[in-house]
Colleague: 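My questions all concern the structure below.
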Amino acid sequence: MKQDKNNSRAIKKALLVVTSHTELDGTGQKTGFWFDELATPFWGLYDAGYEVCIASIKGGKASADPLSAQGEFATPAVQRFLASDFAMSWLDDTLLIDEVNVPSFTTLFLCGGHGTLWDFKQSRGLARVVSEFYAGQKLIAGVCHGPTGLLSAKKPDGSALIAGLKLTAFSDAEETLTPPQYIQALPYHLEDALVEQGANYQCGQPNARFVRSEKGLITGQNPASVELVTKTLLDALSKKRVWLDTNLAIGAANPAGQVCKVDDAYALLSLFNSSNVKVQGISSVFGETDTLTASQLAKMLANRFGPVALPVATGAAQALNISEVKSNEAVKRLAQALRQGPMTLVALGPLTNIATLILLHPDLTSQIEQLIWVAGRASEHGAFIGGPKQQTPLADTGFELDVDAARVVLASDIPVVLTPFELGGQVCVTQADLKALEESHGVGEYLSEHSQPWLNKWTQDYGAQGFTPIAALAAGFAINPNRYQWQKLAVEFRIAADDTKGARFGTPEQYKPYLVVSPECQSPYSVLYCTHVVDDFKQSLLSGIINPNDPAKYIAAVSHLNIIVDDVDEATAFYQRTLGFEQAYDEAGEIMDYPHLTLASFAKDAGFTNGKVDVDIRFLRHPTAGLYLELMRYYTPQGEQVITRKNTHDMGGVRHTALEVNDIMEAFNYLKDQPGVEMVRFPDDQDNDEQGPPMVLAPFPMSFFYWRDQYGVQWEMECGRKRGYLRGI
């Protein structure tokens, strides 16, 4: 079984290559790698959970071009790199490129800087590495002068690797804009060298952000393009497939009528919004609530905030019976997903479903890359205490509710990571955090409202400042293990006095099993035991849930299609008859029908500069597809009333396509800087050239903005409208 240092079968390892050349020959000036062209991909890959390694042509110490660490060139990524002892340690001892073992890496990034012109092309070791990456169909990225490393690489047939490939790099026009000492010293111009080898070289204007992608090769033109190259690379890399096994209980009560935990919801929502994770399914298991309730809650959360059509399966209702092992819906769906490809499992409760899978489908255990489980402790004498007023410690329910299932899992060859309760003590969700969540739209409001009773329990009953979102720390390891410290230790079962049965200072009279992980354990089984998490984990968790900063995550749904009609009633009948649409209602149960709407704010929404409008609006919803139509009949102003019939290959179509987003400013700030995006201006007057920002559609509690893509499609981004069931408005 091959495992990396994160105790996983899956190797997510990135290699960044920098130059070892530090002199602008004949000038007495220094050069090297360009710092931001290392720092930006380094942190991009690191934050995506990759183990990042830096290699250089000569190995050992590598130096940045001094200019690249000064003034405006010292970007936030560079400053973060300079402030990190971990990152800076790589520059003192880089890998020797000649000794790099390509099969151990997932992707390659060729960092730029003028120094590359002296040693990238000349390096046989780099030529071998690039050639092997290309032959292995592994993604290769490079920026600015980094593509110099492609010049000596070969395709498997022996021809020049770049011959016929579309790519970009630092242009001749840009070289003329560099300081004179650079131009005088250059041994050759990169654009010329790439063209001579038959590359399909393309570029934009000097200093413009410009990226090209073809056949596993992603290249950027200049330093300004490094963020785009990094984002393009991360988008192209495969996402980690994750399955969540949970006893979701947010908003529910246990049989005794007490409020249930909410942290499983934080775990689920953080996984939904992680840019490097793809949730494959959810299974329920018994615990604080019954499995049916847990499944219903999971379906509700997935329908509102998760990917469309996500499988949710009901699992074990009681502990494993080894003498009579029975399958269930969760085990069947989990087995089906594993047959489709390897997965990481995140377990937030008893391991009953997973142990059943192991016993009934032992051939599938090799498909489990890693199991991350909320369980374990450093000693049977270390009590789980939430706060100073707590009378009895918390139980390790994920372990204690099904000890036999834990034995089955630990006896398998599945790599196990434990995120114990004591780790959660380093993260505390407070009243201020709930207030911040409440102020955000959608998912933040939901979490704040449903977390308040749980927070009250911790503050009032336990005397704590807030509650521990322990389940979210298990999900966090799946998202980015780089944010954790851990030890590889033996694990064993011990029997000791039950600390949950006695008063705070009393002596318990019962005994129970403990799952203990420590250097003193004598056991053939070992796990990765998490001991610390980064200081800003909570901030990252909450911001990741409400502001995922990734269009694949912050776009929640297709909102609706706008259709201009001559009569709303007749159009309603038509769409009901032909396609099965029906009247739409918002989540408050109010009919979404607005005859003779004359709001000045809507006139701006429609793009009318004089603020005058009179329009009938009615929303329809398809009961199966979840698609919404916005039917609009204009009285004022009246546009062209002739319906034009179009063929499928003609340009044009609906007025615009609307997308519902979780955060309007997140979407605006992301899109306004994207190449190929044209922001539609405010329609206040004909001379206004301002780009946005988003507008409020008063008195409706929503905001919006428009943009056009490079193919002429106009999009509307909306936020704040009460949405109907499932998706759309």
Side-chain angles (χ1 to χ4, degrees), residues 240-250 252 260-261 263-272 274 277-321 325-362 364-365 367-375 397-399 401-402 404-406 408-409 412 414 416-417 419 471-472 474-475 477-478:
K240 181 185 292 185
R241 301 175 75 242
V242 172
W243 185 284
L244 186 69
D245 191 66
T246 174
N247 179 246
L248 197 66
I250 186 170
C260 288
K261 62 181 181 178
D263 53 308
D264 286 34
Y266 284 75
L268 179 60
L269 293 169
S270 66
L271 288 170
F272 281 166
S274 171
V277 162
K278 186 175 182 180
V279 179
Q280 300 295 302
I282 307 170
S283 52
S284 66
V285 68
F286 70 100
E288 282 195 77
T289 62
D290 61 274
T291 52
L292 182 58
T293 297
S295 290
Q296 291 172 340
L297 289 170
K299 289 178 181 177
M300 182 275 295
L301 280 179
N303 287 337
R304 289 189 64 178
F305 306 118
V308 174
L310 182 72
V312 177
T314 302
Q318 58 189 13
L320 181 69
N321 182 353
V325 180
K326 294 183 179 180
S327 188
N328 57 52
E329 180 192 5
V331 172
K332 293 175 183 177
R333 296 298 292 269
L334 180 54
Q336 181 182 12
L338 285 169
R339 291 189 182 99
Q340 295 172 354
M343 290 196 306
T344 292
L345 309 186
V346 178
L348 308 180
L351 297 180
T352 315
N353 291 328
I354 299 168
T356 302
L357 174 86
I358 293 170
L359 294 172
L360 297 181
H361 305 281
L364 294 178
T365 58
Q367 290 286 84
I368 300 175
E369 294 178 336
Q370 187 177 65
L371 169 64
I372 306 167
W373 184 28
V374 179
T397 54
F399 166 69
L401 289 178
D402 197 342
D404 285 338
V408 171
V409 171
S412 71
I414 298 172
V416 174
V417 176
T419 55
F477 193 93

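A quick note: this is a predicted structure, and the numbers were derived from the prediction, not measured.
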Colleague: Mind running side-chain hydrogen bond (donor to acceptor under 3.5 Å, both in side chains) on Thr356 and Asn353 for me, showing each step along the way?
Modeller: CA-CA 5 Å; Thr356 302; Asn353 291 328; 5.7 Å; no
Colleague: Quick one: list whatever passes side chain to side chain contact (heavy atoms under 4.5 Å, CB included) with Ala475, sequence neighbours left out.
Modeller: Ala267, Ser270, Leu271
Colleague: Please step through side chain to side chain contact (heavy atoms under 4.5 Å, CB included) for the pair Ile282 and Thr246, ending with a clear verdict.
Modeller: CA-CA 7 Å; Ile282 307 170; Thr246 174; 3.8 Å; yes
Colleague: Compare every heavy atom of Trp243 with every heavy atom of Ala337, then report the nearest pair and how far apart it is.
Modeller: CB-CZ3, 3.8 Å
Colleague: Ignoring hydrogens and angles, tell me if any N or O in the side chain of Asp263 forms a donor-acceptor pair with the backbone of Ala471 under 3.5 Å.
Modeller: yes
Colleague: Can you tell me if Thr419 and Trp373 form a side-chain donor-acceptor pair at under 3.5 Å?
Modeller: no
Colleague: Rounded to the nearest 0.5 Å, what's the gap from CG on Leu248 to NZ on Lys261? Could you check?
Modeller: 8.5 Å
Colleague: For a quick test of reading the model, state the closest non-hydrogen atom pair linking Pro311 to Arg333 and the distance between them.
Modeller: CB-NH2, 3.1 Å
Colleague: Looking only at heavy atoms, what is the nearest atom pair of Thr344 and Lys240, with distance?
Modeller: OG1-CD, 3.7 Å
Colleague: Who passes side chain to side chain contact (heavy atoms under 4.5 Å, CB included) against Ala355, sequence neighbours left out?
Modeller: Leu320, Ala405, Val408, Val409
Colleague: Give the C-alpha distance, both sets of side-chain angles, the deciding distance and a yes or no for side chain to side chain contact (heavy atoms under 4.5 Å, CB included) between Ile368 and Leu338.
Modeller: CA-CA 7 Å; Ile368 300 175; Leu338 285 169; 4.0 Å; yes
Colleague: Consider only side-chain N and O atoms of Ser284 and Thr291, and report whether a donor and an acceptor are under 3.5 Å apart.
Modeller: no
Colleague: With side-chain contact (heavy atoms from CB on, under 4.5 Å) as the test, pick out the partner of Leu357 among Val331, Thr365, Asn328, Leu351.
Modeller: Val331
Colleague: Where do Glu369 and Pro342 come nearest, in terms of heavy atoms and distance?
Modeller: OE2-CB, 3.3 Å
Colleague: Would a 4.5 Å heavy-atom cut-off, applied to side chains only, mark Val242 and Lys278 as touching?
Modeller: no
Colleague: Decide yes or no on side chain to side chain contact (heavy atoms under 4.5 Å, CB included) for Gln367 and Arg241, but give the supporting numbers first.
Modeller: CA-CA 11 Å; Gln367 290 286 84; Arg241 301 175 75 242; over 6 Å; no
Colleague: Return the CG to OG distance between Leu359 and Ser327, rounded to the nearest 0.5 Å.
Modeller: 11.0 Å
Colleague: Does the side chain of Gln280 come within less than 4.5 Å of Met343's, by heavy atoms?
Modeller: yes
Colleague: What closest approach, in Å, do Ser412 and Ile358 show between heavy atoms, and which atom pair accounts for it?
Modeller: OG-CD1, 4.0 Å
Colleague: Going through the distances and angles, do Val346 and Phe477 end up as a side chain to side chain contact (heavy atoms under 4.5 Å, CB included)?
Modeller: CA-CA 9 Å; Val346 178; Phe477 193 93; over 6 Å; no
Colleague: To the nearest 0.5 angstrom, please state how far the NZ atom of Lys299 sits from the CG atom of Leu310.
Modeller: 11.5 Å
Colleague: Minimum heavy-atom separation for Asn247 and Phe286, please, with both atom names.
Modeller: ND2-C, 3.6 Å
Colleague: So how far is it from Ile372 CD1 to Leu345 CG, rounded to the nearest 0.5 Å?
Modeller: 9.0 Å
